[in-house]
Chemist: 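Okay, handing you the structure first.
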Amino acid sequence: MRAVPGVPSRLRTAMTLIHEPTEFSGQDPNDPLLLGLNPQQRAAVEYRGPALLIVAGAGSGKTRVLTHRIASLVEKREAWPSQILAITFTNKAAGEMRERVELLLGSSAKGMWISTFHSACVRILRREAAAVGLSSSFTIYDSSDQRNILKRIIKQLAADTVGFTPAAAQGRISNLKNELSDIESFARNVNTSDPQEMMFLEIFRQYTQRLRAAGALDFDDLIGETVFLFRAFPQVAALYQRRFRHLLVDEYQDTNHAQYSLIRELTTPVAPHIVAELEAQGVLVSGVQDASGGIPGASLTVVGDSDQSIYAFRGADIRNITEFERDFSGATVVLLEQNYRSTQNILSTANSVIQNNFDRKEKRLWTDSGDGDPIVGFTGYTAHDEAQFVADEVDALHRAGTAYRDMAVFYRTNAQTRALEEIFVRQAVPYRVVGGTKFYERAEIKDAMAYLIAVANPLDELALRRILNTPKRGIGSVTEAALASFAEHNGLTFREVLRDSDALNFGPKVSGALRGLADLLDEAAAMVDPAPPSDGADPEPVEHNLSAPHRTSVSDILAFLLERSGLVTTLRASGDPQDETRAENIEELLAQTRDFMRENPGATLVDFLTHVSLVAAADELDDASGTVSLMTLHTAKGLEYDSVFITGLEEGILPHQMSAHEPGGLAEERRLFYVGITRARRRLYLSLAMSRAQFGEVSVAMPSRFLQEIPDPLIQWKQSPGTANSRNGTSPRALNARRGSGGANGGEWNEKRGIRGGGLDEIRGIRDRDPERFSVIKGTTTTAQWANRVTGRVRDNGDLTLAPGERIRHVDFGDGRVTQVTGEGAKRIAHIVFDTAGAKKLLVKIAPIEKI
DNA sequence: CCAGGGGCGTTTTTT
DNA sequence: ACGCCCCTGG
């Protein structure tokens, strides 16, 4: 019954509207914008009304629907491009959407805002900065900047002695801001008798002050301040409410309260008296006014899938989507369930996993494109073993004709890249880590960027302090403290003190260095020649503002700063090969500024700084690169690949142990897995390692409970957890470790699922009927913590010497001959051709082998 | 003022 | 195992 694709009865009313000629009078079956769309997709493109929720299952063509909807609005003259605001999750998605809309329209989408929440807010805030007492060249602080500041505050308040850590304070401040709680409202509600709370209040207050003094906003402020701006200045809000007649929001399930509030503000009608004010200012309102003289609220389209909500940790509130219909009166819902991306096997896997989340709306993805290949499973002894499997399969796929760029490897935590990278490098598999330690997070890049920031925003003390002695110019912490204290006592900025440091009577060497830096920054600032944003009623994107005369290009400014500061020269001169790499990275940054200027002619220094601050991990993806992509499951959202590897399917990793303490944590981890699965078009590989090194200690892991939610016949194990673990008593029997006195085959995975199995039992799925199978997880002995890591010793063959030609015996693969030994020490790899199991590469240290 | 060594916290996910 | 922070000796 549930296998039949269809629309839940609750939604039928809305769906039947498709057939109402009055609602869709303009419908033309030959409309090119509707060709090739299924009825639900058409409905989503054609519907007109105040609010539309498109519940779009993974791979159901939502981007197609969104772009067609936008194109349809423009083509039918229902909206000018400039009246559309589309919010995407990444800048890359925004760029693609713009491209596709332009392709559909056959003309430019100029004036259309397609961007992320953060980019849109920065654009608004820079434009309206004066209203909220900000400089339009405010700096955007990233998490490490935040942590830096908090570290200093906590130290100064000695708050660490009462248990405050920068990370915890950062998280709490972020949560508050996502709820639109600022320092004033927090102070009003704080429990004054709780010393911890009062301490936190003080931290929060100082943090707020420092940012304000530095003319800086953190990520969360970008959204929150925009909401405050709109609420405090209705006539400013009205400019945007008037302009944007159609608001479209992608990935709505991941919006937090602040973002939700922003959407609410933007779709609020403008009252007649404010319209009159606008008109008096010369803003054109005649086309958009209603009978009463006001401007009706913009129409809102949101697209989302509550099964793909994976950002609760940063405040995403799933209720935004589940309560959409209640929230926005007159809302209609369209459900897209037909999947155009994956094979049925992949979809069945996804469905079988996600259906374990109770409390969700029933939704089943389906396809008419056939079952496809089975899901392939593999259990490695170690993370390296697992990585080896991935590398081998990537190799095999590539030889069979799949391009590297069509493959991706996903993992739960960034730390998991290490093993994968080591093996990929050794196997010469071209790969690229997406996200992780980003280019712009490297110390030397942050140094160079700090020069640019110090030029663009003289108030930014953090940037200035960073470059004060980088490269070394003999200014130590004593000098720095003296400058800071002088600034504080005289009500001056750090930059002003730097400029007039003679008053502090430093030695000649220090004075000279300080003056040199101050002059350098002043000269660079003169090159920038900032043009104030124009006051036109129509907010135009800053980067398209070509009116500024003779502004020095960002790359020239950077080149000047690098040259005069000696940053690169110093690195080159050090002789350290790592410094050479750093110098090259800075050269790369310079090249990137040139690229940026070429792609955004007329862009300002502040535009470049904004761009750098707001790049998302997924933005780095380069479709043209012929490499395998490695990324976290979070980064994978919204992407798709022909072949997908999901690694680390272990208890404690996926689901991650940290999520165990949080309510709803497990369900979110499951959604994360679901997101990963549904990225795959044709092939899906699921792998895990029986042991994983963490902090140098090797601990034993158990297969993820999520694996056991997948019906047996869907997965074909190349090496199942059972076979990978059945050692001759020398290795810990992880799966059994916490099993009570269960039956003979109790917590074991069915060995017959292993490579030597494949008989009838596998098809009959004995495993699934075994009630003891989950004893490890369902056991009542532990509560808060999962009993997922059983520490123990693993086999150590470290001193086993092997030479090509020697015969060995493997517990699972039987007898074989060594052909080659590569690697050294603990990473020694034996290449073995087994008589029956074929060629394998084994990590000598832990492989269950012996000489014969 | 700075370089180098020892000690400690760290890993959940991100705009 | 690694990177960052603090301390010490030059």
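Labels below follow one simple rule: chain letters A, B, ... track the order of the sequence lines, proteins then strands, and each chain is numbered from 1.
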Chemist: Rounded to the nearest 0.5 Å, how far does CZ of Arg147(A) lie from CG of Asp142(A)?
Modeler: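 So the gap between those two atoms works out to 8.5 Å.
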Chemist: Rounded to whole angstrom units, what separation is found between the CZ atom of Arg418(A) and the P atom of dT12(B)?
Modeler: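 The distance from CZ of Arg418(A) to P of dT12(B) comes to 15 Å, rounded to the nearest Å.
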Chemist: From the list dC5(C), dC2(B), dT13(B), which nucleotide is the closest neighbour of the side chain of Thr632(A)?
Modeler: dT13(B)
Chemist: Can you confirm whether more than 12 heavy atoms, excluding those of Arg473(A), are under 6.0 Å from its CZ atom?
Modeler: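 Yes, because the 6.0 Å sphere around CZ of Arg473(A) holds more than 12 heavy atoms from other groups.
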Chemist: Is Asn178(A) near enough to dT15(B) that one of its side-chain N or O atoms lies under 4.0 angstrom from OP1 or OP2?
Modeler: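 So the side chain of Asn178(A) is outside the cut-off, no N or O lying under 4.0 Å from OP1 or OP2 of dT15(B).
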Chemist: Just the rounded figure in Å: distance from C1' of dT11(B) to CD of Glu650(A).
Modeler: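 Rounded to the whole Å, the gap is 15 Å.
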Chemist: I'd like to know if Asp254(A) pairs up with Lys637(A) as an ion pair, taking the criterion as any Lys NZ or Arg NE/NH1/NH2 lying under 4.0 Å from an Asp or Glu carboxylate oxygen.
Modeler: yes
Chemist: More than 12 heavy atoms of other residues, nucleotides or ligands under 6.0 Å from CZ of Arg319(A): yes or no?
Modeler: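 Counting other residues, nucleotides and ligands, CZ of Arg319(A) stays at 12 neighbours or fewer.
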Chemist: Could you please name the option among dT12(B), dA3(B), dT15(B) that lies closest to any side-chain atom of Lys472(A)?
Modeler: dA3(B)
Chemist: As a test of reading the structure: which of dT12(B), dT14(B), dC6(C) is closest to the side chain of Lys155(A), going by heavy atoms?
Modeler: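 Of dT12(B), dT14(B), dC6(C), dC6(C) is nearest to the side chain of Lys155(A).
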Chemist: Taking the minimum atom-to-atom distance to the side chain of Val478(A), which one of dC4(C), dC1(B), dT12(B) wins?
Modeler: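 Of the candidates, dC1(B) comes closest.
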Chemist: Is Asn414(A) close enough to dT13(B) that one of its side-chain N or O atoms is under 4.0 Å from OP1 or OP2 there?
Modeler: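 For dT13(B), OP1/OP2 do have a side-chain N/O of Asn414(A) under 4.0 Å.
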Chemist: Can you find a side chain N or O atom of Ser143(A) that sits less than 4.0 Å from OP1 or OP2 on dT15(B)?
Modeler: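 So the side chain of Ser143(A) is outside the cut-off, no N or O lying under 4.0 Å from OP1 or OP2 of dT15(B).
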Chemist: Nearest to the side chain of Phe219(A) - dT11(B), dT15(B), dT12(B)?
Modeler: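 From the listed options, dT15(B) comes nearest.
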Chemist: How would you label the contact of Lys509(A) with the nucleic acid (heavy atoms, under 4.0 Å): base, sugar-phosphate, or nothing?
Modeler: nothing
Chemist: Would you check if the distance from the ring center of Tyr311(A) to the ring center of Phe313(A) is below 6.0 Å?
Modeler: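 Distance test on ring centres: under 6.0 Å, yes.
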Chemist: Nearest to the side chain of Met658(A) - dT12(B), dT13(B), dT15(B)?
Modeler: dT12(B)
Chemist: Would you check if the distance from the ring center of Phe645(A) to the ring center of Phe410(A) is below 6.0 Å?
Modeler: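 No: the rings miss the under 6.0 Å criterion.
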Chemist: Starting from P on dA1(C), measure out to CD on Glu421(A) and report it in whole angstrom.
Modeler: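 Answer to the nearest Å: 17 Å.
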Chemist: For Arg147(A) and dC5(C), what is the distance between atoms CZ and P respectively, to the nearest whole Å?
Modeler: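 Those two atoms, CZ and P, are 10 Å apart.
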Chemist: Nearest to the side chain of Thr479(A), heavy atoms from C-beta on, is which of dT15(B), dC1(B), dT12(B)?
Modeler: dC1(B)
Chemist: Between Ala415(A) and Asn91(A), which has a closest nucleotide on DNA chain B that is more 5'?
Modeler: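 The answer here is Ala415(A).
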Chemist: Figure out the NE2/P separation between His634(A) and dT13(B), and round it to whole Å.
Modeler: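 These atoms are roughly 9 Å apart.
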Chemist: Check every strand shown and say whether Asn469(A) touches a base, only sugar-phosphate, or nothing at a heavy-atom separation below 4.0 Å.
Modeler: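 If one applies the 4.0 Å heavy-atom cut-off, Asn469(A) turns out to touch the sugar-phosphate alone, with no base involved.
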Chemist: Rounding to an integer number of Å, can you tell me how far Gln259(A) CD sits from dT15(B) C1'?
Modeler: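 Whole-Å distance recorded here is 8 Å.
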Chemist: Nearest-Å distance, CD (Glu225(A)) to P (dT15(B))?
Modeler: 21 Å
Chemist: Do we see Phe313(A) stacking on the base of dT13(B), given a limit of 5.5 Å between centres and 30° between planes?
Modeler: yes
Chemist: Rounded to the nearest angstrom, tell me the gap between atom NZ in Lys92(A) and atom C1' in dT15(B).
Modeler: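 About 17 Å, once rounded to whole Å.
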Chemist: Under 4.0 Å, counting only non-hydrogen atoms across every strand here, what does Phe89(A) touch: a base, just sugar-phosphate, or nothing?
Modeler: nothing
